[in-house]
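Here the structure comes first, spelled out in structure tokens, and everything after it is commentary.
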Amino acid sequence: MVVKPISSGIESFELSLLKNVISEKYKGRSPVCYLHSYGCQQNVSDGEKIKGELERAGFVFCEDEESADLIVLNTCAVRENAHERVYGKLGELKHLKERNKELVICVCGCMVQQEYVAEKIKETYPHVSLVFGTFALPSLHKMLYEVLAFRKRVFNISENDDPRIYEDVPMVRGSKFKAYVTVMYGCNNFCTYCIVPYVRGRERSREPEAVISEVRQLVREGYKEITLLGQNVNSYAYGFEKLLRALNDIEGDFWIRFMSSHPKDVSFELIDTIVDCEKVCTHLHLPVQSGNDEILKRMNRRYDTKKYLEIVDYARSRADGFSFSTDIIVGFPGESYEQFCDTKAFVRKVGYDNIYSFVYSKREGTRASKLEDNISSKQKGLWLRELLDEQRETVEKLFHRFVGRTLRVLVEEKSKKDGFLTGHSYENIIVEFEGDESLTGSFCNVKILDAMNWALKGKLIDQI
Ligand code: SAH
Ligand code: SF4
Ligand code: F3S
């Protein structure tokens with residue numbers, strides 16, 4: 001959907017009210033916020049925006065809950081265990097609230113966008129004062145003002161029917177060299193198992209100019225890796241390939257990644273664009289979900305394994321280091337062991353450098369929730385283990401294609417466990433090597449000496 005953006009740049013009346021109440025309540029000191037985002041990168045990015053809006057109001061941030069005046073849990077709804085983790089955390093926070101009556105606890109994000117969850121929190125966790133869904137960020141200052149000034153409990157989960165996108169939202173980013181840039185919000189695909197379209201609304205694309213100027217600014221600030229985000233970036237309303245080419249033209253030494261892609265919408269033109277644009281990394285996160293066509297149909301994925309393999313083959317014919325990663329669900333309602341074995345065989349056939357596999361989890365309100373979830377969790381767990389064993393064997397062989405080659409790596413951190421520097425290569429493979437911590441945040445050439453079943457081991461050649 002194409003819609004005109006609105007800007008959040010100007011200081012609103014609500015923001016000045018909030019600043020006043022903050023200055024009275026905290027007697028001139030900066031209040032401290034602890035924020036944790038669960039779930040996907042999109043949610044992490046939303047968390048960075050929430051922090052940006054809080055910073056404008058005068059908040060500073062901390063890494064531990066004990067020293068916080070405001071605790072924000074930015075939640076995910078994609079699987080049942082995501083819910084359980086949040087309820088567990090809310091249980092723990094009750095004790096903190098008993099010790100510090102002034103503590104404000106807030107729950108936001110995808111999970112509370114579901115009415116029954118917001119209702120449950122209202123009833124069961126009276127120590128939670130603010131609950132807001134994925135559409136409410138523009139009213140954050142107003143909601144927080146009401147909580148602080150009137151000690152009200154505020155619940156705002158209404159779906160915003162204004163589809164415009166708020167631009168110029170300030171962000172407090174989690175990294176100085178890797179940045180997430182959302183290109184589209186929402187999802188229209190309604191895969192039968194998935195809650196995302198219900199909690200994130202319909203697809204909305206940001207205007208290319210807004211994306212390009214944000215990336216240009218990030219590169220100016222020294223960011224080395226930009227990851228474009230959307231639930232299905234291939235349906236970006238203004239042409240995703242065109243956007244990639246425009247971003248590739250921005251001057252500077254940086255990488256562009258993106259996720260996720262939907263196999264039904266990936267074209268050879270996308271592969272050509274990735275290969276032609278030197279800044280766009282030769283890696284595709286392409287969730288397959290299942291290697292069985294009947295299950296794919298019942299998941300409403302709208303592609304088959306043949307179409308998927310055509311993309312893989314074409315990409316590998318264009319660039320031999322081309323890397324694929326994927327998401328897989330095991331134990332979809334009615335799935336037979338034979339159908340699960342098709343998925344295992346498919347994983348071997350494609351040769352993924354990384355897979356994220358999940359056991360099926362019934363989500364209230366989705367189409368699949370009406371199907372009988374007939375596979376026991378023990379069975380699903382066994383299948384998951386089988387799949388991971390398969391993947392471990394496959395990946396070690398696959399990684400050997402890199403041994404002896406020199407890969408460009410963005411150094412991310414020095415591992416506390418074994419003292420190695422770690423980072424991801426252009427192809428998105430984890431690489432470990434010895435070197436000084438000062439290399440963090442820079443590109444290095446690393447000669448690959450060995451392959452493990454989760455990463456490559458190498459030797460530093462030079463910093464570039
Ligand atoms: N938009 C992205 C993924 C969003 S959710 C895409 O289409 O690829 C991330 C992953 O969670 C999905 O790819 C899927 O593998 C998994 N997932 C989603 N709903 C699930 C459910 N009900 N049970 C188990 N896994 C699920
Ligand atoms: Fe969920 Fe499918 Fe949309 Fe991905 S594309 S968010 S799996 S509905
Ligand atoms: Fe992401 Fe979870 Fe929401 S995967 S979009 S945070 S439901």
Side-chain angles (χ1 to χ4, degrees), residues 36-50 73-86 107-114 117 133-135 180 182-204 228-236 258-266 284-291 295-296 298-303 308 324-333 335 343 347 352 354-371 373 375 377 380-381 383-384 387:
H36 183 76
S37 291
Y38 300 81
C40 65
Q41 286 85 347
Q42 189 108 57
N43 224 34
V44 172
S45 175
D46 283 358
E48 295 179 337
K49 288 178 188 136
I50 295 168
L73 303 181
N74 184 26
T75 61
C76 168
V78 84
R79 284 172 290 274
E80 189 54 35
N81 59 5
H83 280 212
E84 279 156 13
R85 280 172 69 194
V86 172
V107 189
C108 60
C110 294
M111 180 175 153
V112 293
Q113 186 64 42
Q114 303 163 103
V117 175
T134 52
F135 296 88
Y180 293 131
T182 299
V183 298
M184 50 190 303
Y185 297 89
C187 182
N188 289 355
N189 290 309
F190 291 94
C191 303
T192 53
Y193 51 80
C194 185
I195 197 70
V196 172
Y198 302 91
V199 294
R200 290 269 171 184
R202 295 296 66 72
E203 285 176 0
R204 283 101 62 210
L228 308 176
L229 299 179
Q231 297 300 340
N232 173 13
V233 291
N234 308 109
S235 57
Y236 180 64
F258 55 88
M259 66 187 303
S260 287
S261 286
H262 197 305
K264 80 177 165 61
D265 295 319
V266 169
L284 204 52
H285 181 66
L286 196 59
V288 68
Q289 313 299 357
S290 167
I295 296 288
L296 286 176
R298 293 178 39 222
M299 287 176 163
N300 190 32
R301 291 291 286 177
R302 287 176 283 165
Y303 55 83
Y308 191 101
F324 284 87
S325 56
T326 202
D327 293 348
I328 288 172
I329 297 176
V330 304
F332 186 75
E335 183 173 358
T343 299
V347 162
Y352 291 106
N354 205 355
I355 64 174
Y356 301 87
S357 43
F358 312 100
V359 294
Y360 171 75
S361 165
K362 181 173 172 170
R363 306 319 296 131
E364 203 155 306
T366 62
R367 269 162 57 199
S369 71
K370 298 189 184 70
L371 306 171
D373 186 4
I375 304 162
S377 50
K380 287 180 198 161
W383 289 4
L384 188 71
L387 180 65

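We count ligands from 1, going down the list as the structure has it; atoms in each ligand are counted the same way. From a predicted model like this one, the values you see are computed outputs, not experimental measurements.
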message: Give the atom numbers and elements of ligand 3 that come within less than 4.0 Å of a heavy atom of Asn43.
response: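 Those of ligand 3 that fall under 4.0 Å from Asn43 are 6 (S).
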- prompt: Shortest non-hydrogen contact from Cys76 to Val78?
  reply: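 Taking Cys76 first and Val78 second, the nearest heavy atoms are SG-N, 3.4 Å.
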- prompt: Closest heavy-atom contact between His285 and Ser260?
  reply: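 Shortest heavy-atom contact: CD2-OG, 3.6 Å.
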Distance check, rounded to the nearest 0.5 Å: [X] atom [atom1] versus [Y] atom [atom2]?
{"X": "Ser290", "Y": "Phe332", "atom1": "OG", "atom2": "CZ", "answer": "9.0 Å"}
{"X": "Cys187", "Y": "Ile195", "atom1": "SG", "atom2": "CD1", "answer": "12.0 Å"}
{"X": "Tyr185", "Y": "Leu229", "atom1": "OH", "atom2": "CG", "answer": "9.5 Å"}

Mark yes or no for whether [X], through its side chain, and [Y], through its backbone, hold a donor-acceptor pair below 3.5 Å.
{"X": "Tyr308", "Y": "Leu286", "answer": "yes"}
{"X": "Lys380", "Y": "Val330", "answer": "no"}
{"X": "Arg200", "Y": "Tyr198", "answer": "no"}
{"X": "Gln113", "Y": "Thr134", "answer": "yes"}

task: For the residue pair Asp265 and Asn232, confirm or rule out a side-chain donor-acceptor distance under 3.5 Å.
output: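 Yes, because at least one side-chain N or O of Asp265 sits under 3.5 Å from a partner of the opposite role on Asn232.
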- prompt: Between Ser325 and Asn354, do the side chains contain an N or O donor and an N or O acceptor separated by less than 3.5 Å?
  reply: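 No donor-acceptor contact under 3.5 Å links the two side chains.
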message: So, 4.0 Å and heavy atoms of Arg200: is ligand 3 close enough to count as a contact?
response: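 Arg200: in contact with ligand 3 (<4.0 Å).
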- prompt: Is ligand 3 less than 4.0 angstrom away from at least one heavy atom of Gln231?
  reply: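 Under 4.0 Å: yes for Gln231.
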Of all the non-hydrogen atoms in the protein, which one sits nearest to [atom], and at what distance?
{"atom": "atom 7 (S) of ligand 3", "value": "Ala77 N, 3.2 Å"}
{"atom": "atom 7 (S) of ligand 2", "value": "Tyr193 OH, 3.4 Å"}
{"atom": "atom 1 (Fe) of ligand 3", "value": "Cys40 SG, 2.3 Å"}
{"atom": "atom 3 (Fe) of ligand 3", "value": "Cys110 SG, 2.2 Å"}

field: For ligand 1, the residues whose heavy atoms come within less than 4.0 Å (ordered by chain, then number)
entry: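 Val78, Arg79, Tyr193, Gln231, Ser260, Pro287, Gln289, Arg301, Asp327, Ile329, Phe358, Val359, Tyr360, Ser361, Arg363.
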message: Heavy atom to atom 2 (Fe) of ligand 3, shortest distance: which of Cys76, Pro197, Cys194, Ser45 holds it?
response: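 Checking each option, the heavy atom nearest atom 2 (Fe) of ligand 3 is found in Cys76.
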- request: Report, as a single number, the protein N, O or S atoms less than 2.8 Å from atom 2 (Fe) of ligand 2.
  value: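 Total protein N/O/S atoms under 2.8 Å from atom 2 (Fe) of ligand 2: 1.
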message: With a 6.0 Å cut-off on the ring centroids, do His262 and Tyr303 count as close?
response: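 Yes, the ring of His262 comes within the 6.0 Å limit of the ring of Tyr303, centre to centre.
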query: So do the side chains of Tyr356 and Thr326 get within less than 4.5 Å of each other, counting heavy atoms only?
result: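 In short, these two side chains do not touch, never coming nearer than 4.5 Å.
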